[in-house]
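Below is one structure, written out as structure tokens, with a few remarks after it.
Computed from a predicted model, the values in this text were never measured in an experiment. Scope of the values below: all heavy atoms of this structure, side chains included, with no hydrogens, waters or symmetry mates.
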Amino acid sequence: MRPSSADTTPNTSRPRGLGDWGTVKTLLPYLSVYPWRVFLALTCLIFAKVANIGIPVVLKHLIDDLALPADDPKRYLIFPLALVLAYGLLRLSASIFTELREFIFSKVTQNAIRKVAIEVFDHLHALSLRFHLGRKTGGVSRDIDRGSRGIQTLISYSLFSIIPTFIEFVIVLIYLGWNYDWQFAGITLLALVIYITFTVKVTEWRSQYRRKMNDMDTSANQKAIDSLLNFETVKYFSNEGFESKRYDSFLLSYQKAAIKSQQSLAILNIGQQSIIVLGLIAILWKATLGVQQGQLSLGDIVLINTLMIQMYIPLNFLGVIYREIKQAILDMDNMFSLLDKDQEIKDLPNAMPISLQQPELGPRVVFDQVNFSYESNRQILKNINLVIEPGTTTAVVGQSGSGKSTLSRLLFRFYDVDSGIISFDQKNIAYVQQSSIRRIVGIVPQDTVLFNDTIGYNISYGNPKATEEEMMKAAKAAQIHDFITRLPEGYKTSVGERGLKLSGGEKQRVAIARTLLKNPALIIFDEATSALDSQTEKAIQEEINKLTTNRTALIIAHRLSTIIHASQILVMHEGEIIERGTHEELIALQGKYTTMWNLQKREEETNETPLVSSL
């Protein structure tokens, strides 16, 4: 039975629904890991801006000194030389402090990216099978990729563009108001407010096109990956044109949104430049009047002009920066939203690893009044009661859809039951650590999916700590070692995406070897030899019989001839166990099992007849 909500670990609440600031707050803990680095980076940032503003001040004094009468002592070379050296030193200092800021803060940024990415990755692995059966791989991978890049974008632009520009504006406004007419600071501030307001409004309007681009990009990526993963199916039905049109429909929507985004960008740039130019004209006209009236020097007008240009250059990119920050926050929010996905199958706070009473034989497995459904309107298992004694083999047979494979999924605790209890050695598996259950249970699935790596890697995945000799021993037991050694690259042969370079039988033998290498206490064979030829199946069946001797085993079978040795055989129909017993007992019962047995015997005799006739 599912653990009660009172027993489950509370879901850590994240500031979802708080918009941009909520996402930024979610990121802050990852940046606080290195507080001294953050402090030193901000200090370097301030020093860089102070040095940057000092440059036009020194330039002003240099111009004013050069404009002095010939008999003025400051016209001597030593004074201009000192100012030139100071000018160069300030420029060098601004560059050095900027690079130091990057040098110091890079570790903070990259650590945050790594921490968030691994947390999302681990959380995805912790989510239930229900989530992964419904997810779209292309979309999830793109969300993680864009979210990781979004962190770097947000930090880079906010810390290294927005904050420095704001600091520079504050210093310039104070300097202008203190040393010159307050109207200089007023005009600058007014132009800044108008510029920022215009930029934010237009960028918000443009964001709809950017969101549309992202949606279409994600959808196109999903369709492309899905189509390529199902390459053979596309070829079987000659649907290349259909797939191309479907992919192009998303690219076309992306193209339309991208065009509108680029056109709106032109509007934004024209408006920004108009505001900047008007602000500069107003400032320079007032400075020019000051020079004519003898209130300001030529150096002052150069200083004011240089300060304005230094401030307005970053403003040219404010629209881009604001848009990229908004996009980065959106991408991060999409990635963080993955962390909000309900884990569904959770360990209780006090859950302990499971320990077996007889590890050498395996657990005593009990299904007690188990009911289960994937969807509320379709029940799969109905009042299942069964016991698998330690060291014995239980086989399950029945038509497709009768619930056989669901038993294995529940044993791995991919789902929690609706009601009833599943126990190992009298311990409810809902109250022990999931990882400890999965360490002692092994499975050879009906549909084998392999990693896009080498054959050796896929076999060793059953026990990454195993030696090469142990891996080869498992491969020999699975009747695949000889085949591997005949390959040019042997165990280093790549199996391709999902193992598509291997045949169905070869993939299944790799899966058997992988499980043999794991050497689990409870082993499950889910129609493990369905893709094998008769000769190979017979050889592997002998190995399976050896492996299941004195070991708890569950065999989900289609071919009844492979399970006649089982300690008990369960016949399932529409989610219920309708017959149980040994092979001989079920044959004597003359029920569903006998009907299935006679049908398969006739099919085997029919398949063998042409071969006998030809001989």
Nearest heavy-atom pair of [X] and [Y]: which atoms, and what distance?
| X | Y | result |
| --- | --- | --- |
| A466 | L517 | CB-CD1, 3.7 Å |
| Q433 | P353 | OE1-CG, 3.6 Å |
| G575 | I384 | O-CD1, 3.3 Å |
| L411 | I437 | O-CG2, 3.5 Å |
| P359 | A521 | O-CB, 4.2 Å |
| Y254 | M213 | CD1-O, 3.2 Å |

So do [Y] and [X] actually touch side chain to side chain, heavy atoms under 4.5 Å?
| X | Y | answer |
| --- | --- | --- |
| S355 | K427 | yes |
| Q600 | S561 | no |
| V417 | N371 | no |
| M471 | Y491 | yes |
| R580 | L386 | yes |

Review point. Counting heavy atoms not belonging to E360, are there more than 12 under 6.0 Å from its CD?
Key: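 Result for CD/E360: enclosed.
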
Point to revise | K518 atom NZ, over 12 foreign heavy atoms within 6.0 Å | key: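 More than 12 within 6.0 Å, yes.
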
Quick one: which of [options] gives a side-chain contact (heavy atoms from CB on, under 4.5 Å) with [X]?
| X | options | answer |
| --- | --- | --- |
| R514 | V444, L450, I443 | L450 |
| F424 | V365, T552, V432 | V365 |
| M572 | I556, V397, L381 | L381 |

Between [X] and [Y], does any side-chain donor sit less than 3.5 Å from a side-chain acceptor?
| X | Y | answer |
| --- | --- | --- |
| R551 | N519 | yes |
| S373 | D418 | yes |
| Y415 | T406 | no |

What's the spacing between [X] [atom1] and [Y] [atom2] if we round to 0.5 Å?
| X | Y | atom1 | atom2 | value |
| --- | --- | --- | --- | --- |
| N428 | I421 | CG | CD1 | 5.0 Å |
| H565 | I555 | NE2 | CD1 | 4.5 Å |
| L356 | S436 | CG | OG | 9.0 Å |
| L407 | I380 | CG | CD1 | 11.0 Å |
| W597 | L599 | CH2 | CG | 12.0 Å |
| D248 | S253 | CG | OG | 9.5 Å |

Review point. Going through the distances and angles, do L560 and Y593 end up as a side chain to side chain contact (heavy atoms under 4.5 Å, CB included)?
Key: CA-CA 9 Å; L560 304 186; Y593 181 84; 4.0 Å; yes

Any sub-3.5 Å donor-acceptor pair from [X]'s side-chain atoms to [Y]'s backbone N or O?
| X | Y | value |
| --- | --- | --- |
| S249 | R246 | yes |
| K507 | V495 | no |
| R438 | F412 | yes |

**Study point:** Pairs meeting criterion side chain to side chain donor-acceptor pair (under 3.5 Å) with involvement of residues 389-404, two or more places apart
**Key:** R364-E389, T394-Q568

Check your understanding: Which pairs count as side chain to side chain donor-acceptor pair (under 3.5 Å) when at least one residue sits in residues 454-466, sequence neighbours excluded?
Key -> none

Check your understanding: For the rings on F103 and F105, is their centre-to-centre separation under 6.0 Å?
Key -> no

Exercise for review: Would you sort out whether Y374 and R409 count as a side chain to side chain contact (heavy atoms under 4.5 Å, CB included), showing the intermediate values?
Suggested key: CA-CA 11 Å; Y374 294 109; R409 290 178 172 180; 3.4 Å; yes

Review point. Taking only residues two or more places apart in sequence or in another chain, which ones pass side-chain hydrogen bond (donor to acceptor under 3.5 Å, both in side chains) with Y247?
Key: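 With neighbours one apart ignored, the set is empty.
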
Practice item. Using the salt bridge (charged side-chain N to carboxylate O under 4.0 Å, His left out) rule, take K473 and E470 through it: C-alpha gap first, then chi angles, then the decisive distance, then the call. Key: CA-CA 5 Å; K473 182 179 178 182; E470 291 171 329; over 6 Å; no

Exercise for review: Evaluate side chain to side chain contact (heavy atoms under 4.5 Å, CB included) for V234 paired with E240, printing each intermediate quantity in order.
Suggested key: CA-CA 6 Å; V234 175; E240 295 90 342; 4.1 Å; yes

